[in-house]
Asks: 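Let me begin by handing over the structure; questions about it come next.
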Amino acid sequence: MKKLVVIFISVFIVSHLAAEDGSRLWLRFQETKKEATDSKLFRSNRKSPTITIALDELNRYWKGPAVDLIADKKAGTIKDGYKISYKGGKISISAARDIGLLYGVYHLLRLQQTGKDATALNVEERPSYERRILNHWDNLDGSIERGYAGRSLWQWSQLPDTLSPRYEAYARANASIGINGTVLNNVNANPQILTPEYLLKVKALADLFRPYGLTVYLSVNFAAPKAIGGLPDADPLNKDVQQWWKNKVKEIYALIPDFGGLLVKANSEGQSGPQDYGRTHADGANMLADALKPYQGIVMWRAFVYSPTKEDRAKQACQEFVPLDGQFRDNVIIQIKNGPIDFQPREPFSPLFGALRHTQEMIEFQITQEYLGHSKQLVYLAPLFEETLQSDTYSDGKGATVAKITDGSLRPARVTAIAGVANTGDEVNWCGHPFAQSNWYAFGRLAWNHNLPSEQIADEWIRMTFTPDERFVRPVKDMMMSSRETCVNYMMPYGLHHIFAFNQHYGPEPWGDIPGGRADWMPWYYHNADTTGVGFDRTATGSNAVAQYFPSLNDVYGDISRCPENLLLWFHHVPWEYKLKNGGSLWDNLCYRYDEGVQQVRSYQKVWDRLETWVDAQRFREVQSRLRIQAKDALIWKDACLLYFQTFSGQPIPYDIERPVNELDELKEQIRIKHNSTL
Ligand code: BDP
């Protein structure tokens, strides 16, 4: 009988939560029922498509007092910033730009949705970065490089005539978190994007996005003048090539007057670039910058360049770009990945931050979880973003954080920007994993304010996306906040890196080797495991990558006894017997870390299952089943890495942790079969 009552109660609680498919993201505002006359509650001194959206959002969702939107060039707000105040029973939002007013409205709605008092207001907000940009790695055939949430949102074959309702929903979601730019296509760019046919499609998107303050940018293929322009080469010093780009840029601006600019991946991973013609990155970037200058467009030139030389891959970006410092035009900004190698669960910050003293720098994060479990695993990335932004480079003495170097406060900059590689696709819930939405949200919030603690962002997101009930918020927040470290634990603790399965970058493959393949794409290049120890010696006795960091940080990284333990194997080749700070050996600690990662995922399963009553059935099950996958795959990571590294350490796995349940040979075979099926 007692059991029946419990079942009845839980069925009742579950069933009153309307089914949700995640398509509304964090924008799950409830419609208010207002009388027609109520629309007078919300007024503005200006009319524009952006203000119409702002008033409409208030009309539909705002339950609080009357709101005045005051467009005022002299509002004292910076660029997209806004002020909100409450007086005499009325809220005023003032901003210099219309988009600032819309951002202010989303601020109010966020307070309402998160259960905060929206009358005790005296707020002034200004963005940390002028340009807050998503980078889509979407191909023109609809596939997405490193995309795990279906196919591209952009229906190229139907554009420009048919406009999916998702385009506007996408722009609205971005506006709600302050993202104001989008690069529509993959950095491995198809030159066709610059043909008149495609530019009309791009224009259709730009027109739709404009009222939401979302500016369109494109990735370009450096060889475009040759590929689609009929020129014999793409040499940046060739006058015909320069003229071709000038004409192309003019054509773009005739269609899209507020076009943002171009993103370029050049001389990297097989992409063409100025070096094909014996020219430098500065020659290439400046040619494009000159074409864009009359229209205030910018060039985001990526620093992700490396080639299979004898030199440590981690050093190559600095080697390429530091000698060019000061040679770039003032509408060029160098786009630098957060880490020196790629977007892995933990890397130190790239030593290029702060090393360019006379060239603008921006950071590129990856929101899509290429190396962090795709959209199958629950990993909240804000702590990773925060860790990098708050890293002290020491470029100008203590306190020269990556955030301060890139936001223009330490070094005056004409252009400030931040980019995140998007995790969106055409799946109903946009991002695949319901919790992957939090990474899009977190990127936007940090781009707006790089000092927001990741915990606060998680708190907001949970309340908006699920419920503001503390009984749900607290455990979910704990889970999110530890999830990135958990992923590091079961994938690559203590600074191990790049031991992922070849190409798909999901599971482990520390043994990976393709005879004759590029060394710098092979795991052994990075872990260097042998019977003496494991790790990459980047000290003076090794590649000396530590020397690219500023003093006194380079001393710290270079000294095995002072190097942060979470980066130990990034900078040092460490004996298996080496004693860590807790007195245990490296080998034992490695084992404990992998095991801890597995146990942490198991604990997330327990946390989530207990929360069933707070979540609608669909999203509950989606997360539940993905946590099962994550638990199984974390165990595969642990068994694969420990059994493989054990072949070098020759030591037993500490007896107080769970024993491997997989055979190394079977794991190797499974991963080999997976490769063949994805080839
Ligand atoms: C690597 C990805 C590859 C990208 C490249 C890039 O594996 O797909 O094209 O980065 O950022 O992480 O250009």
Side-chain angles (χ1 to χ4, degrees), residues 133-141 143-149 152 183-191 193 217-223 262-273 275 281 284-285 299-308 313-314 316-317 320-321 333-347 350 352 362-375 379 381 384-385 388 418-425 439 443 491-492 497-509 512 514 517-518 520-523 525-526 675 678-679:
I133 306 175
L134 285 184
N135 286 189
H136 289 273
W137 285 0
D138 294 24
N139 298 313
L140 302 189
D141 66 2
S143 62
I144 306 179
E145 182 150 346
R146 310 304 177 186
Y148 312 106
S152 174
V183 183
L184 297 177
N185 61 319
N186 192 356
V187 286
N188 297 315
N190 185 330
I193 193 75
Y217 300 74
L218 291 176
S219 294
V220 292
N221 186 309
F222 199 78
L262 304 175
L263 171 63
V264 193
K265 171 176 178 177
N267 292 120
S268 167
E269 297 186 332
Q271 294 297 314
S272 78
Q275 293 176 340
H281 285 288
V299 177
M300 292 166 288
W301 192 269
R302 294 178 90 222
F304 181 67
V305 296
Y306 65 100
S307 45
R313 174 172 162 186
Q316 294 186 28
E320 290 273 2
F321 283 90
I333 186 162
I334 306 299
Q335 180 165 320
I336 307 166
K337 286 190 184 185
N338 57 281
I341 298 279
D342 215 340
F343 295 121
Q344 297 175 58
R346 172 166 281 117
E347 299 197 12
S350 165
L352 196 51
M362 65 185 279
I363 195 164
E364 174 181 334
F365 287 118
Q366 197 182 42
I367 309 169
T368 191
Q369 292 166 243
E370 174 179 353
Y371 295 98
L372 290 105
H374 297 186
S375 282
V379 186
L381 298 176
L384 186 164
F385 301 160
T388 314
I418 183 167
V421 180
N423 64 353
T424 49
N439 294 328
F443 170 75
M491 286 187 183
M492 34 175 267
H497 52 290
H498 224 305
I499 51 176
F500 295 85
F502 186 70
N503 210 14
Q504 35 108 332
H505 299 164
Y506 181 78
E509 199 180 11
I514 298 176
R518 274 178 70 160
D520 57 348
W521 286 350
M522 300 304 154
Y525 173 96
Y526 299 96
H675 283 325
T678 51
L679 281 179

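Every number for a ligand or one of its atoms is a count from 1 in the order of the listing. Since the structure is predicted, the reported quantities are computational estimates derived from the model, not experimental observations.
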Asks: With rounding to the nearest 0.5 angstrom, report the CZ to NE2 distance, Arg346 to His497.
Replies: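 If I round to the nearest 0.5 Å, the distance is 13.5 Å.
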
Asks: Look at the side chain of Thr388 and the backbone N and O of Asn338, then say whether any donor-acceptor pair between them is shorter than 3.5 Å.
Replies: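 Not confirmed, Thr388 side chain does not pair with Asn338 backbone.
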
Asks: Within the side chain of Tyr306, is there an N or O that forms a donor-acceptor pair under 3.5 Å with the backbone of Asp520?
Replies: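 No; zero donor-acceptor contacts below 3.5 Å.
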
Asks: Give the ring-plane orientation class for His498 versus Tyr371, where under 30° counts as parallel, over 60° as perpendicular and anything between as tilted.
Replies: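 Plane angle over 60°, so perpendicular.
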
Asks: Look at the side chain of Asp138 and the backbone N and O of Ser152, then say whether any donor-acceptor pair between them is shorter than 3.5 Å.
Replies: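 A pair under 3.5 Å: no.
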
Asks: I'd like a table of the close N/O pairs between ligand 1 and the protein (anything under 3.5 Å), one pair per line with both atom names and the distance.
Replies:
{"unit_1": "ligand 1", "atom_1": "7 (O)", "unit_2": "Arg146", "atom_2": "NE", "d": "3.1"}
{"unit_1": "ligand 1", "atom_1": "7 (O)", "unit_2": "Arg146", "atom_2": "NH2", "d": "2.9"}
{"unit_1": "ligand 1", "atom_1": "7 (O)", "unit_2": "Glu370", "atom_2": "OE2", "d": "2.6"}
{"unit_1": "ligand 1", "atom_1": "8 (O)", "unit_2": "Glu145", "atom_2": "OE2", "d": "2.3"}
{"unit_1": "ligand 1", "atom_1": "8 (O)", "unit_2": "Arg146", "atom_2": "NE", "d": "3.0"}
{"unit_1": "ligand 1", "atom_1": "9 (O)", "unit_2": "Glu145", "atom_2": "OE2", "d": "2.9"}
{"unit_1": "ligand 1", "atom_1": "9 (O)", "unit_2": "Asn188", "atom_2": "ND2", "d": "3.0"}
{"unit_1": "ligand 1", "atom_1": "9 (O)", "unit_2": "Lys265", "atom_2": "NZ", "d": "3.1"}
{"unit_1": "ligand 1", "atom_1": "10 (O)", "unit_2": "Lys337", "atom_2": "NZ", "d": "3.0"}
{"unit_1": "ligand 1", "atom_1": "11 (O)", "unit_2": "Arg302", "atom_2": "NH1", "d": "3.4"}
{"unit_1": "ligand 1", "atom_1": "11 (O)", "unit_2": "Arg302", "atom_2": "NH2", "d": "2.7"}
{"unit_1": "ligand 1", "atom_1": "11 (O)", "unit_2": "Lys337", "atom_2": "NZ", "d": "2.7"}
{"unit_1": "ligand 1", "atom_1": "12 (O)", "unit_2": "Asp342", "atom_2": "OD1", "d": "2.9"}
{"unit_1": "ligand 1", "atom_1": "12 (O)", "unit_2": "Asp342", "atom_2": "OD2", "d": "2.5"}
{"unit_1": "ligand 1", "atom_1": "12 (O)", "unit_2": "Glu370", "atom_2": "OE1", "d": "3.1"}
{"unit_1": "ligand 1", "atom_1": "12 (O)", "unit_2": "Glu370", "atom_2": "OE2", "d": "3.4"}
{"unit_1": "ligand 1", "atom_1": "13 (O)", "unit_2": "Lys265", "atom_2": "NZ", "d": "2.6"}
{"unit_1": "ligand 1", "atom_1": "13 (O)", "unit_2": "Arg302", "atom_2": "NH1", "d": "2.8"}

Asks: Let me confirm one number: the NE2-CD1 distance from His136 to Ile367, rounded to the nearest 0.5 Å.
Replies: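 Between His136 NE2 and Ile367 CD1, I get 8.5 Å after rounding to 0.5 Å.
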
